[in-house]
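Report on the following structure.
When a ligand or atom number is given, it counts from 1 through the structure's own listing order.
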Amino acid sequence: MDQIIVRGGHTLNGEIQISGAKNAGLPLMAACLLTSEPLTLTNLPDLADIASMAGVLESFGVDVYRNGGDGPHSTCRMHVPTITETTAPYDLVRKMRASVLVLGPLLARAGHARVSLPGGCAIGTRPVDLHLKAMAALGAEITLEEGYIEARTPKGGLVGGHIVFPFVTVGGTENALMAATLATGETVISNAAREPEITDLANCLIAMGANIDGVGTGTLKVQGVASLHGAQYAVVPDRIETGSYAVAAAITGGTLKLKGTRLELIESLADILKECGVDIIEGDDGDSLTVSRVNGRIRGVDIMTEPYPGFPTDMQAQLMALMATANGASMITESIFENRFMHVPELCRMGANINVHGSSAIVRGVDKLSPAQVMATDLRASVSLVLAALAAEGESVISRVYHLDRGYECLPEKLSACGAQIERVSGR
Ligand code: UD1
């Protein structure tokens, strides 16, 4: 199995091109099932999760054509004149939890979906009960059989309804939104997630002919239409990749220009970073950010993860690596997932001083992290270990890097172009 070797202690300086967002790309790809015409996505990152979704879609009869554009495989054309299969088998779904996003579109267009209950990152139990309740609110009949969700629409298809989410769910909102576009009549989604990836999906659906009001708010109103048409749509920049490289600048004390991304996508994170002593300046072009920490040590600040526009859970592990090097203590509270501190023991192996109490971690900053052999446990945890290793003088070895492949396009290349000593090697 591949490993990443980092010889840390070098300041990073340079430019990094931010890729399209994985978490926007996945639901946008699933949206191709809603129309018999081609959907073309540009700025789609080349990642293992995107390839997994392409595999799932191909199994339903989607013709997926990916070609090079600005970046590797950055354009993807998907076309499914007729859905030939409505079962998403365990073997495909287990690789990636987001496969459950095919449920809404399959039901809406084909009237039937059989989707294996998902696997995915081991960051808590992560049920899909709210996805199922949303489909039921649109008239679907749902049963659970032998590890599969079996869902069927009544005769005539889905019917608009009122979906009230008891708490914010990103994937649940996406499934509900996609299904509602083709339901008969009006659907209201209350307590909808407001993440930029939801806005991206809504805008793409509108470009495909959907009728959606309230985009960017917690209440989405959808007037169902008889059919959607094809479109071309550019995926929003990845705010988590943006944030991860912003932390790379902060933790190594350098200056990175992050291109192809926007401040509005990372405002809560930017506020925290500024409080820590990091400078963030928006480019005049509105399409880049310059992040630097040239003077002084990072200051410890308290952080709590929350749904957007709050601090993202997907940046919690990276901020913890940064806080591990801060002057002073910080308390990091995880309010979205119950088991998202798996990076803590690994960061402690690198000399961090972190104590977990329930859903909070007390991080007491240390003068220096030390290099170590560590193991990635999930996608964001693995990048937090890379960040810690960049700051630790000497050689760190990170194993199980396949987690990184799920969410970070060309990570070693992007970092080494800015002066990091980082390489990927086949297991040794
Ligand atoms: C998405 C993101 C993930 C991010 C998360 C929260 C994608 C592909 N993944 O995941 O990177 O960390 O949002 O911002 O976009 N829940 C239920 N029942 C459900 C659905 C969710 O109890 O039916 C719970 C989850 O266990 C979790 C919370 O709701 O505790 C939020 O999960 P959700 O927003 O649905 O996350 P995902 O869409 O899976």
Side-chain angles (χ1 to χ4, degrees), residues 20-31 44-45 47-50 52-53 56 93 95-104 115 117-137 142 144 149 151 163-179 189 191-201 218 235-236 238-241 243-244 265-266 268-269 304-319 333-343 359 378-384 403-404 406-408:
K22 165 182 89 75
N23 285 355
L26 294 171
L28 287 169
M29 288 175 81
L44 191 69
L47 297 169
D49 273 10
I50 297 293
S52 297
M53 182 58 95
V56 172
V93 178
K95 285 193 202 151
M96 187 185 57
R97 181 186 154 79
S99 315
V100 77
L101 293 172
V102 301
L103 179 66
V115 180
L117 286 163
C121 271
I123 52 171
T125 45
R126 303 184 83 176
V128 289
D129 54 321
L130 300 179
H131 297 240
L132 304 188
K133 279 191 184 146
M135 296 306 114
I142 293 164
L144 293 181
I149 303 160
I163 299 168
V164 184
F165 286 116
F167 51 87
V168 170
T169 158
V170 173
T173 302
E174 289 164 347
N175 247 332
L177 187 60
M178 288 189 279
I189 307 173
N191 201 20
R194 291 182 284 160
E195 270 65 6
E197 293 76 22
I198 306 273
T199 299
D200 215 35
L201 174 64
V235 180
V236 69
D238 195 316
R239 63 197 169 100
I240 307 301
E241 192 196 23
S244 302
L265 297 171
I266 60 154
S268 59
L269 167 68
M304 176 149 97
T305 64
E306 286 173 321
Y308 189 86
F311 186 88
T313 173
D314 284 352
M315 279 303 301
Q316 181 256 106
Q318 299 89 313
L319 252 286
T333 303
E334 173 57 59
S335 78
I336 310 287
F337 293 111
E338 76 266 31
N339 188 19
R340 207 168 198 184
F341 284 138
M342 285 178 302
H343 42 285
S359 60
D378 70 45
L379 170 55
R380 307 304 170 185
S382 49
V383 84
S384 79
H403 289 293
L404 276 177
R406 292 190 38 221
Y408 288 88

Checking heavy-atom distances from atom 9 (N) of ligand 1 to each of Asn23, Asp314, Val168, the winner is Asn23
Out of Thr305, Ile266, Ile240, which residue meets the side chain to side chain contact (heavy atoms under 4.5 Å, CB included) rule with Pro312? Ile240
Would you kindly specify which portion of Arg340 sits under 4.0 Å from ligand 1, judged on non-hydrogen atoms: side chain, backbone, both or neither? side chain
Based purely on interatomic distance, does Thr169 place a nitrogen or oxygen under 3.5 Å from a nitrogen or oxygen of ligand 1? yes
Could you tell me whether a side-chain N or O of Glu197 sits under 3.5 Å from a main-chain N or O of Asn23, the two making a donor and an acceptor? no
According to side-chain hydrogen bond (donor to acceptor under 3.5 Å, both in side chains), who are the partners of Gln316, at least two apart in sequence or on a separate chain? Glu334, His343
Option whose closest heavy atom lies nearest to atom 21 (C) of ligand 1, chosen from Gly172, Pro127, Ser99, Gly407: Pro127
Between the candidates Thr313, Leu101, Ile240, Ile198, which shows the shortest non-hydrogen contact distance to atom 14 (O) of ligand 1? Thr313
Minimum non-hydrogen distance to atom 38 (O) of ligand 1, winning option of Pro312, Ala21, Gly171: Gly171
Donor-acceptor contact below 3.5 Å, side chain Asn175 vs main chain Val100: yes
Take every heavy atom of Tyr308, measure it against each atom of ligand 1, and state whether any distance is under 4.0 Å. no
As an exercise, identify every atom of ligand 1 less than 4.0 angstrom from a heavy atom of Ile336. 27 (C), 30 (O), 31 (C)
Are any of the heavy atoms in His131 under 4.0 Å away from ligand 1? yes
I want to know if ligand 1 touches Asp129 in the polar sense, i.e. an N/O pair below 3.5 angstrom. yes
For ligand 1, which atoms, with element, lie under 4.0 Å from some heavy atom of Phe167? 16 (N), 17 (C), 22 (O), 24 (C), 29 (O)
Asp378/Arg406 salt bridge by N-O under 4.0 Å criterion: no
Between Val102 and the options Leu26, Val115, Val93, the side chain to side chain contact (heavy atoms under 4.5 Å, CB included) test singles out Val115
Looking only at distances, please establish whether an N/O atom of ligand 1 is found under 3.5 Å from an N/O atom of Leu130. yes
Using modelled atom types and a 3.5 Å cut-off, is there a donor and acceptor pairing between side-chain atoms of Ser384 and backbone atoms of Gln318? no
Does Arg97 approach ligand 1 within less than 4.0 angstrom via side chain, backbone, both or neither, non-hydrogen atoms only? side chain
How does Val170 reach ligand 1, if at all, at less than 4.0 Å between non-hydrogen atoms: by side chain, backbone, both, or neither? both
Can you measure from CZ (Arg194) to CD1 (Ile198) and round to the nearest 0.5 angstrom? 11.0 Å
With sequence neighbours left out, write down each residue that passes side-chain hydrogen bond (donor to acceptor under 3.5 Å, both in side chains) with Ser335, or none if nothing qualifies. none
